[in-house]
Amino acid sequence: MKRKSAAILALLTCFATAGCSFPEWSKYEDKVKVAVQEPVIRIVVNSLGMNFPEGMDENNNPYLTYIEKSIGVQVNVTLPPLNGYDEKLNVIMTSGEPPDLLNTSNPSWFINFVNQKALTPLNDYIEKYGTNLKAKIPKEAWDNVTVDGHIYAIPSLNEVKGTEIVYARKDWLDKIGLQPPRTIEEFTAVMKAFAEGDPDGNGIKDTVGLSILERLRRTSPFLGAFGVQMNAWYERDGKLVYSGILPEMKEALIYLRSLYDQNILDPEFPLNKIDVLGEKVASGKVGLYSAAWSDTRTHIAANRKNDPKAVWIPLDFPIGPNGKHGVYSTSNVRSYNVVPIKSQNAEAVVKFLDFIAGPGQTSLKLGFENEIWTRVNGKLSIRFDEHTKHGYRGIYGSLVDTAERDITRDRLEGLGEQFHLYENLQRIESNLMEDQFNGPPTPAMGKHNVKLSKLQEDTFTRIIAGVSPIEEFDAFVKKWKEAGGDEITGEVNEWWRETGK
């Protein structure tokens, strides 16, 4: 039933041909008319690394069927590989027949195709067919996808306002006789003891004091101790200045370099992808790190399973030499849903996304009631086997996450209060360092952000790993400004003035 166009095409071709007739045509006529009239949209979205149960795939599962039946639209789904996802979107956009919807979390990708006038303005379609979208997406998120008065994307909201929280092994702290650290100096002492004091008691020097990810991810609390975060904009003397070129960033890099020089920082950090770091935590090689708020249910839970004596606790965010502390804040917009200008199906796309934001939100977020969850004494009771089995539903639901607090709390508490997921989010939200630029990506960002990001990542990694001297930071600032940073800064401050900030 789902992909029935071939048979219908054959019938229509036959009836358009002279001399072709079927005595029972009347039996099929109504079905053919319905099928011909049913819109079909082609979408390219992120798989989020999800897997499908045996016998199902992205185009054949009960959650997609639920969406299709509810809105009367067929949806053909393509899931490009996660590695090189945006590059694949580039190829698709420049093909002769781009799909009807593409989803990206990269604001530079979004604004680049706005600059090329390759995306459909969606204002009129949202006004006619986006009742739920208008009701549930706040103005500041719409502002992020509006350029010159035209809405070029339907945004998905960030469910969380920040992601990183420091976790440490309390049993290791107890063994080496130290209290949970509070200042950056105390953190350094604990991490040094974890690297040198054999906290796992196996007689081998095989633990690290701190492990981070490639491209300096999972460093936010340590940067916050110096009053700065990656890829943010802060007010200085009435103007917005990019965080990566501030003196505070240089101080933070000097600190991380000192950890590397003392063999406290994991020497393999430039190669640490998330699965590599996760394995190090799970196998007991790491006892303190900047975890994702959900790691208590994944990597930390795996370590507890491997070592029943492991006790993990959240730590306060480290306080730096000038009393600063905090963690980065996420943007309002998690991802962008765009309709290529060549698509003729913007109406059906908006209806599809409006359903996800409205009637479909609860089932796509939590799963089908009475199959995956029920309410017991007012609390969500989750069948974990079914919850995990049908986790792929998030591929569709995340396209328009409306970030409803009650649903988030119910879901996270239903997943197990022992994981402290909702508590982690509350702790993070009370320590956010707000990025003061929250407008749409500027045209210059579309032109320059990719190369500037690579310049920053490469330079900062080399400095921390001892490949380049700290003086390389000053050369980086000059290169950043000349390679498009000054142009971006001008546009950001034009937005700052226009919005009256």
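- Enclosure of atom CG in Asn202 by more than 12 non-hydrogen atoms of other residues, nucleotides or ligands within 6.0 angstrom is indicated.
- Taking the six-membered ring where the residue is Trp, Phe110 and Tyr336 present parallel rings, their angle staying beneath 30° rather than reaching 60°.
- In this structure, Lys285 does not pair ionically with Glu279, as no charged nitrogen and carboxylate oxygen lie closer than 4.0 Å.
- For the pair Pro321 and Ile184, the minimum side-chain heavy-atom distance is below 4.5 Å.
- Residues Asp86 and Thr104 bring a donor and an acceptor atom of their side chains to less than 3.5 Å of each other.
- A donor-acceptor contact under 3.5 angstrom links the side chains of Asn231 and Tyr242, judged on distance only.
- Side chains of Ser243 and Gln229: no donor on one and acceptor on the other come within 3.5 Å.
- Asn103 and Ser335 share a donor-acceptor pair across their side chains, judged by distance under 3.5 Å alone.
- Ring geometry for Tyr63 versus His390: interplanar angle of 30 to 60°, hence tilted.
- Here the side chains of Leu210 and Ile212 are in contact, with some heavy-atom distance below 4.5 Å.
- Panel note: side chain Asn272, backbone Glu214; no donor-acceptor pair is recorded below 3.5 Å.
- The environment of NZ in Lys175 is crowded: more than 12 heavy-atom neighbours from other residues, nucleotides or ligands sit within 6.0 Å.
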* **Test log, rule side-chain hydrogen bond (donor to acceptor under 3.5 Å, both in side chains), inputs Asp410 and Trp373** => CA-CA 11 Å; Asp410 284 356; Trp373 62 275; over 6 Å; no

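- Salt-bridge check for Lys250 with Glu472: failed, with every basic side-chain N at 4.0 Å or more from each acidic carboxylate O.
- By the 4.5 Å heavy-atom criterion applied to side chains, Asp307 and Asp200 are not counted as neighbours.
- Between Lys280 and Glu268, at least one side-chain N (NZ, or NE/NH1/NH2) sits under 4.0 Å from a carboxylate O, which counts as a salt bridge.
- Counting only N and O atoms by type, the side chains of Arg393 and His387 include a donor and acceptor under 3.5 Å apart.
- Residues Leu157 and Pro138 have side chains in contact (heavy-atom distance under 4.5 Å, counting atoms from C-beta outward).
- Under the 4.5 Å side-chain criterion, counting only non-hydrogen atoms from C-beta, Leu223 is in contact with Met230.
- Ion pairing of Glu487 with Lys481 is absent here, as no side-chain N (NZ or NE/NH1/NH2) approaches a carboxylate O to less than 4.0 Å.
- Considering only heavy atoms from C-beta on, Tyr328 stays 4.5 Å or farther from Met433 through its side chain.
- The main-chain N or O of Lys170 is never found under 3.5 Å from a side-chain atom of Trp312 such that the two would form a donor-acceptor pair.
- More than 12 non-hydrogen atoms from other residues, nucleotides or ligands lie less than 6.0 angstrom from CD of Gln418.
- Note: Tyr396 and Tyr392 have perpendicular aromatic rings, judged against thresholds of 30 and 60 degrees for the angle between ring planes.
- In summary, Arg427 and Asp316 engage in a salt bridge, as defined by a charged side-chain N under 4.0 Å from a carboxylate O.
- Ion pairing between Arg334 and Asp401 holds under the 4.0 Å rule for side-chain N and carboxylate O.
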* Start with the C-alpha distance between Leu265 and Val208, add both sets of side-chain angles, then the distance that settles side chain to side chain contact (heavy atoms under 4.5 Å, CB included), and finish with yes or no. => CA-CA 7 Å; Leu265 180 63; Val208 297; over 6 Å; no

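- Classification of Arg218 and Asp295 as a salt-bridged pair holds, one side-chain N sitting under 4.0 Å from a carboxylate O.
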* For side chain to side chain contact (heavy atoms under 4.5 Å, CB included), just list the numbers for Arg215 and Thr461, CA-CA rounded to whole Å, side-chain angles, deciding distance to a tenth of an Å, and then say yes or no. => CA-CA 7 Å; Arg215 298 184 293 168; Thr461 299; 5.9 Å; no

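- Residues Ser220 and Glu164 have side chains that never bring a donor and an acceptor to within less than 3.5 angstrom of each other.
- Looking at heavy atoms from C-beta onward, Pro121 lies out of side-chain contact with Ile151 at the 4.5 angstrom threshold.
- Counting heavy-atom neighbours within 6.0 Å of Asn83 CG, excluding the residue itself, gives a total of 12 or less.
- Between Asp354 and Lys134 there is no salt bridge, since no side-chain N of the basic residue sits under 4.0 Å from a carboxylate O of the acidic one.
- In this structure, Phe473 and Phe476 have tilted ring planes: the angle between them lies in the 30° to 60° band.
- A salt bridge is defined here as a Lys NZ or Arg NE, NH1 or NH2 lying under 4.0 Å from an Asp or Glu carboxylate O, and Lys309 with Asp171 fails to meet this definition.
- Gln436 is listed as a side-chain neighbour of Trp496, based on a closest heavy-atom distance under 4.5 Å.
- We find that Lys478 and Glu482 are joined by a salt bridge, their nearest charged nitrogen and carboxylate oxygen being less than 4.0 Å apart.
- Note on Glu423 versus Arg409: no salt bridge recorded, every NZ/NE/NH1/NH2 to OD/OE distance being 4.0 Å or above.
- Crowding of Lys451 atom NZ: a count of heavy atoms from other residues, nucleotides or ligands under 6.0 Å exceeding 12.
- One finds a salt bridge joining Glu404 and Lys136 here, because a Lys/Arg side-chain nitrogen approaches an Asp/Glu carboxylate oxygen to under 4.0 Å.
- A donor-acceptor pair shorter than 3.5 Å can be found between the side chains of Asn424 and Tyr167.
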